[in-house]
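See structure below.
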Amino acid sequence: VPVGILMWRHPLKEWKGKGTTAHFYEILLGRCYTYTQIVRPELGHKDCQKIGKAFTTAFLSKDPCSCTEQDYQPLLELTAQTVPCNKTLFWSKSSELAHDYTRVQGDLFTLEDTLLGYMADGLKWCGDPRSSEMNYQSCPDRREDCSNNSFSVFWNAVSKRFAEDACGVVHVVLNGSISNTFDERSTFGRVEVFNLRPEKVHQLQAWVMHDIGSVHSDSCSSSSVNNLKRILKERSIAFSCQNNYGPIRLLQCVKSPEPSSCRFYV
Ligand code: N1C
């Protein structure tokens with residue numbers, strides 16, 4: 001028998017989206033150790049080997065288009081983490097700004113400032129039912145292939161838990177330079193808002209930030225933000241909103257010190 005035939009394997013299915021991030025498992029483990037040993041040494045007891053295994057077990061050898069939140073349950077249990085009340089920061093279409101802010105305001109947590117969010121941030125992953133390996137060639141695209149794909153389902157599950165765990169006054173950074181400042185189809189609008197627990201979340205405080213120099217397109221009084229206000233009212237959670245919240249504005253200005261809109265700070 002020609003050697004070539006013995007070595008033949010099922011080709012992995014081709015999807016429209018980019019494949020698993022190269023060195024996915026090593027990055028995952030490295031980030032787990034960085035987080036639990038250096039960023040938050042109080043979590044030094046977490047077992048990163050076990051966490052890494054639970055992560056890959058959730059999606060390997062499975063159809064990446066029929067993923068369920070249940071698949072990630074063991075991983076969620078191993079990465080349980082308490083965020084203090086009043087310290088949760090959500091964001092929507094404002095990832096960079098929100099993370100810039102938690103970097104200087106170290107007591108606030110976005111999901112990426114918790115262990116599991118930190119590990120998965122920016123990575124892509126999927127498996128294949130006919131192989132025990134990751135598919136580095138392609139993964140399902142949320143729009144063009146399927147919405148129940150391995151990473152969309154993951155972000156839904158962890159965002160849900162993050163919101164369920166929140167307590168006290170919680171915050172959200174929204175992008176006022178796009179038309180849909182509050183987008184009901186975003187993870188924040190679809191998952192997080194509906195999983196806040198009214199019995200322990202007293203208020204949601206929104207900060208609507210405008211890009212420096214952009215035309216003022218949406219603000220606290222816009223219809224999309226009013227929609228958020230209405231949803232929260234129905235859920236008995238108080239709402240407050242501030243345009244261009246000073247401390248975050250200052251960070252925008254540091255990154256873009258020229259425009260006249262920043263002169264106030266100089
Ligand atoms: O859909 P979004 O924003 O409103 O999601 C943001 C919202 C945050 O409050 C987070 O807690 O949902 C959580 N979240 C993440 O933390 C996260 N990290 C990376 C949701 N999605 C996250 N990603 C990836 O960004 C993921 O691939 C998802 O599809 C995008 C969502 O970004 P968005 O539309 O700006």
Side-chain angles (χ1 to χ4, degrees), residues 21 24-59 67-92 94-125 150-173 186-188 190-205 207 237:
T21 310
F24 173 81
Y25 194 65
E26 290 77 10
I27 295 174
L28 211 57
L29 269 193
R31 285 181 175 180
C32 182
Y33 285 116
T34 301
Y35 191 89
T36 57
Q37 297 299 315
I38 296 161
V39 182
R40 306 262 169 210
E42 64 274 21
L43 293 185
H45 59 278
K46 295 273 186 198
D47 185 342
C48 287
Q49 297 290 342
K50 212 168 161 185
I51 292 171
K53 281 273 167 293
F55 203 130
T56 52
T57 303
F59 69 91
C67 204
T68 67
E69 295 194 14
Q70 208 50 46
D71 294 332
Y72 288 106
Q73 223 44 57
L75 175 64
L76 290 182
E77 278 159 31
L78 288 174
T79 54
Q81 183 177 358
T82 313
V83 172
C85 288
N86 310 312
K87 300 300 179 195
T88 296
L89 180 64
F90 300 105
W91 52 267
S92 191
S94 54
S95 164
E96 191 182 325
L97 197 52
H99 296 121
D100 283 350
Y101 185 54
T102 58
R103 194 120 161 236
V104 294
Q105 195 64 46
D107 60 339
L108 280 185
F109 289 77
T110 63
L111 181 50
E112 291 68 34
D113 297 303
T114 67
L115 174 58
L116 194 48
Y118 185 90
M119 288 172 63
D121 194 22
L123 303 182
K124 195 117 188 241
W125 60 89
S150 28
F151 38 88
S152 297
V153 169
F154 168 87
W155 286 114
N156 286 344
V158 293
S159 302
K160 180 177 172 211
R161 176 185 58 186
F162 187 57
E164 282 171 347
D165 288 348
C167 51
V169 177
V170 301
H171 300 91
V172 63
V173 180
S186 68
T187 308
F188 174 68
R190 197 169 35 83
V191 180
E192 292 175 328
V193 166
F194 291 95
N195 282 289
L196 295 171
R197 296 270 171 86
E199 61 278 14
K200 54 178 185 164
V201 174
H202 307 128
Q203 189 185 133
L204 176 85
Q205 211 159 39
W207 295 320
I237 296 171

>> Evaluate Leu123 against Arg31 for side chain to side chain contact (heavy atoms under 4.5 Å, CB included), listing each step before the verdict.
In response: CA-CA 11 Å; Leu123 303 182; Arg31 285 181 175 180; 3.7 Å; yes

>> My understanding is that only residues two or more places apart in sequence, or in another chain, count here; which of them pass ring-ring contact (aromatic ring centres under 6.0 Å, His included) with His202?
In response: none

> What residues, two or more places apart in sequence or in another chain, satisfy side chain to side chain donor-acceptor pair (under 3.5 Å) together with Thr36?
Replying inline: none

>> Trp91 and side chain to side chain contact (heavy atoms under 4.5 Å, CB included): which single residue from Glu192, His99, Glu96 fits?
In response: His99

> Tell me the side-chain hydrogen bond (donor to acceptor under 3.5 Å, both in side chains) pairs involving residues 47-56, sequence neighbours left out?
Replying inline: Tyr25-Lys53, Tyr33-Gln49

>> Would you compute the distance between atom CZ of Arg197 and atom CG of Asp165 and round it to the nearest 0.5 angstrom?
In response: 8.0 Å

> Any chance CD of Glu42 has more than 12 other-residue heavy atoms, nucleotides or ligands included, within less than 6.0 Å?
Replying inline: yes

>> Going by salt bridge (charged side-chain N to carboxylate O under 4.0 Å, His left out), name the pairs with one or both residues in residues 109-121, residues two or more places apart or in two chains.
In response: none

> With sequence neighbours excluded, what pairs up with Phe162 under the ring-ring contact (aromatic ring centres under 6.0 Å, His included) test?
Replying inline: Phe90

> For the atom pair CZ (Phe59) and CZ (Phe154), what is the distance rounded to the nearest 0.5 Å?
Replying inline: 10.5 Å

>> If the condition is side chain to side chain donor-acceptor pair (under 3.5 Å), which residues does Thr57 pass it with, not counting sequence neighbours?
In response: none

> Taking atom NZ of Lys200 and atom SG of Cys85, what is their separation to the nearest 0.5 Å?
Replying inline: 7.5 Å

> So, for Pro84 and Cys167, which heavy atoms are closest and what is the spacing to 0.1 Å?
Replying inline: C-SG, 4.5 Å

> Looking at Ser159 and Leu111, what are the two nearest heavy atoms and their distance?
Replying inline: OG-CD2, 3.9 Å

>> I need the Ser150 OG to Phe55 CZ distance, nearest 0.5 Å.
In response: 9.0 Å

> Are the side chain of Ser94 and the backbone N or O of Val173 linked by a donor-acceptor pair below 3.5 Å?
Replying inline: yes

> What are the two closest heavy atoms between Gln37 and Gly44, and how far apart are they?
Replying inline: NE2-O, 3.6 Å

> What pairs meet the salt bridge (charged side-chain N to carboxylate O under 4.0 Å, His left out) rule with one or both residues in residues 70-85, with sequence neighbours excluded?
Replying inline: Lys62-Asp71

>> For a quick test of reading the model, state the closest non-hydrogen atom pair linking Thr79 to Leu116 and the distance between them.
In response: OG1-CD2, 3.5 Å

> Does any donor atom in the side chain of Arg161 or Thr114 lie under 3.5 Å from an acceptor atom in the other side chain?
Replying inline: no

> If you measure from CD on Gln81 to CG on Leu43, what distance do you get to the nearest 0.5 Å?
Replying inline: 5.0 Å

> Excluding sequence neighbours, so at least two apart, what forms side chain to side chain contact (heavy atoms under 4.5 Å, CB included) with Ala157?
Replying inline: Glu69, Leu76

> Would you say the side-chain atoms of Thr21 pair up with the backbone N or O of Lys124, donor to acceptor, closer than 3.5 Å?
Replying inline: yes

>> Less than 4.5 Å apart, side chain to side chain, heavy atoms only: is that true for Val153 and Tyr72?
In response: yes

>> Taking the side chain as everything from C-beta on, heavy atoms only, tell me whether Trp155 gets closer than 4.5 Å to Val158.
In response: yes

> Pick one: which of Leu75, Leu28, Leu29 meets side chain to side chain contact (heavy atoms under 4.5 Å, CB included) with Ile51?
Replying inline: Leu75

> Is there a donor-acceptor pair closer than 3.5 Å between any side-chain N or O of Lys46 and the backbone N or O of Ala80?
Replying inline: yes

>> Test of understanding: with side chain to side chain contact (heavy atoms under 4.5 Å, CB included), list the residues that count as partners of Pro74, not counting sequence neighbours.
In response: none

> CZ of Phe109 to CG of Leu89: how many Å apart, nearest 0.5 Å?
Replying inline: 11.5 Å

>> Checking Cys32 now: which residues fulfil disulfide (SG to SG under 2.5 Å) with it, not counting sequence neighbours?
In response: Cys48

>> Please verify the inter-ring angle class for Trp125 with Phe151; under 30° counts as parallel, over 60° as perpendicular, anything in between as tilted.
In response: perpendicular

>> Under the rule for ring-ring contact (aromatic ring centres under 6.0 Å, His included), what residues qualify as partners of Tyr118, not counting sequence neighbours?
In response: Tyr35

> Does any pair with a residue in residues 98-109 pass salt bridge (charged side-chain N to carboxylate O under 4.0 Å, His left out), and if so which ones, sequence neighbours excluded?
Replying inline: Lys87-Asp107, Asp100-Lys255

